[in-house]
Amino acid sequence: MAKMAIFYGSTSGITESIATKLHEHFGEDLCDLYSMEEDFESVDQMLEYDYLLFGCSTWGSGEVQNDWRDPIFEMSIEKPDFTGKTIALFGAGDCVTHGEQFVSALGTLYNHFKELGATLVGEFPLDGYTYEYSFAVRDDKFVGLPIDEVNESDKTDERIASWLEVLKPHFPSASLETA
Ligand SMILES: Cc1cc2nc3c(=O)[nH]c(=O)nc-3n(C[C@H](O)[C@H](O)[C@H](O)COP(=O)(O)O)c2cc1C
């Protein structure tokens, strides 16, 4: 089994494209890829891995992407134990039209998995982002990697590369030697 896995929820394919880039980076021998819509069956799939990347775009007004809603609700009742799991978050948003809740879903996932005992890594600096409010900000940093393909697609590849550097000390080093 691969050492790590990416689980992503994506309505119009933007977070999916980031997940695919990350998966290509880590390689399929080291990293499995799960669509929350097509591949996710139960939280036991997540608990098979010690290292996890969770992708979730923001919809509604600061809500998690649709495919994450039921799993999060079920986990909040069943309270699976994520102690010892290292988790990093990424997701798409829109800092102009939805700048009042920019990538806020990442903040919801952050609180949720922290509550379940996980170690959350992969904070990202606020520099270069403009928005009104984000629930994804803690201690003057984003809790994960925000991507805005609607307004700032020219920054996406650079942001992913910077984020992979942030992940390096926390994820299996073998996974990142191909960077
Ligand atoms: C109805 C609607 C609501 C949205 N709400 C938010 C929001 O609250 N915060 C945000 O950052 N982006 C919001 N967005 C923007 C999406 O997150 C953005 O288009 C993103 O790229 C979608 O990614 P996905 O294709 O991976 O789902 C919204 C978009 C729509 C159409």
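Everything numeric in this text was worked out from a predicted model, so none of it was measured.
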K.L.:
Determine whether a donor-acceptor pair (N or O, by modelled atom type, separation under 3.5 Å) exists between the side chain of T15 and the backbone of G91.
P.N.:
no

K.L.:
With ring-ring contact (aromatic ring centres under 6.0 Å, His included) as the test, pick out the partner of F54 among Y8, W68, Y110.
P.N.:
W68

K.L.:
Can you get from L145 to F135 by hopping between Ile, Leu, Val, Met, Phe, Trp and Tyr side chains that sit under 4.5 Å apart?
P.N.:
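L145 does not cluster with F135.
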
K.L.:
Are L120 and V143 packed together at the side-chain level, in the sense that at least one heavy-atom pair is separated by less than 4.5 angstrom?
P.N.:
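They are not in side-chain contact.
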
K.L.:
Taking atom CG of D140 as the centre, does the number of heavy atoms from other residues, nucleotides or ligands within less than 6.0 Å exceed 12?
P.N.:
no

K.L.:
Ion pair present between E24 and K21, side-chain N to carboxylate O less than 4.0 angstrom?
P.N.:
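Looking at E24 and K21, the cut-off is not met.
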
K.L.:
Is there a donor-acceptor pair closer than 3.5 Å between any side-chain N or O of H23 and the backbone N or O of C31?
P.N.:
yes

K.L.:
Report yes or no: is the cationic atom of R138 (NZ for Lys, CZ for Arg) closer than 6.0 Å to the six-membered ring centre of F142, at no more than 45° off its axis?
P.N.:
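Geometry flag: not set, cation outside 6.0 Å or 45°.
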
K.L.:
State, without any angle test, whether S57 and Q65 hold a side-chain donor-acceptor pair at a distance under 3.5 Å.
P.N.:
no

K.L.:
Parallel, tilted or perpendicular for F82 and F113, by the 30°/60° rule?
P.N.:
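Ring orientation of F82 relative to F113: perpendicular.
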
K.L.:
Report yes or no: do S35 and E38 form a side-chain donor-acceptor pair below 3.5 Å?
P.N.:
no

K.L.:
Less than 4.5 Å apart, any side-chain heavy atom of P146 and any of F124?
P.N.:
yes

K.L.:
I need the full list of salt bridge (charged side-chain N to carboxylate O under 4.0 Å, His left out) pairs touching residues 112-130, with sequence neighbours left out, sorted by first then second residue.
P.N.:
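Listed by first then second residue: E123-K141.
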
K.L.:
Are V150 and I14 close enough that some pair of their side-chain heavy atoms sits under 4.5 Å apart?
P.N.:
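The answer is no; the side chains never approach within 4.5 Å.
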
K.L.:
Taking atom CZ of F73 as the centre, does the number of heavy atoms from other residues, nucleotides or ligands within less than 6.0 Å exceed 12?
P.N.:
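For F73, atom CZ is not crowded (no more than 12 foreign heavy atoms under 6.0 Å).
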
K.L.:
Using a distance-only test with no angle check, is there a side-chain donor-acceptor pair under 3.5 angstrom linking E149 and T156?
P.N.:
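Judged by distance alone, the side chains do pair up.
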
K.L.:
Has the side chain of Q45 got a donor or acceptor atom that lies under 3.5 Å from a matching backbone atom of S42?
P.N.:
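Confirmed, Q45 side chain pairs with S42 backbone.
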
K.L.:
Going from NE2 on H25 to CG on L164, what distance comes out if it is rounded to the nearest 0.5 angstrom?
P.N.:
4.5 Å

K.L.:
Please determine whether residues M36 and W59 belong to a single hydrophobic cluster, defined as Ile, Leu, Val, Met, Phe, Trp and Tyr linked transitively by side-chain heavy-atom distances below 4.5 Å.
P.N.:
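Looking at the clustering, W59 is in a separate group from M36.
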
K.L.:
Give a yes or no on whether the ring-centroid distance for Y34 and F40 is below 6.0 angstrom.
P.N.:
no

K.L.:
Checking Y49 against D32: is there a side-chain donor and acceptor pair closer than 3.5 Å?
P.N.:
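Side chains of D32 and Y49: pair found under 3.5 Å.
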
K.L.:
Measure the CD1-CH2 distance between I18 and W163 for me, rounded to the nearest 0.5 Å.
P.N.:
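Answer rounded to 0.5 Å: 9.0 Å.
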
K.L.:
Determine yes or no for a side-chain-to-main-chain donor-acceptor pair under 3.5 angstrom, with S10 supplying the side chain and E16 the backbone.
P.N.:
yes

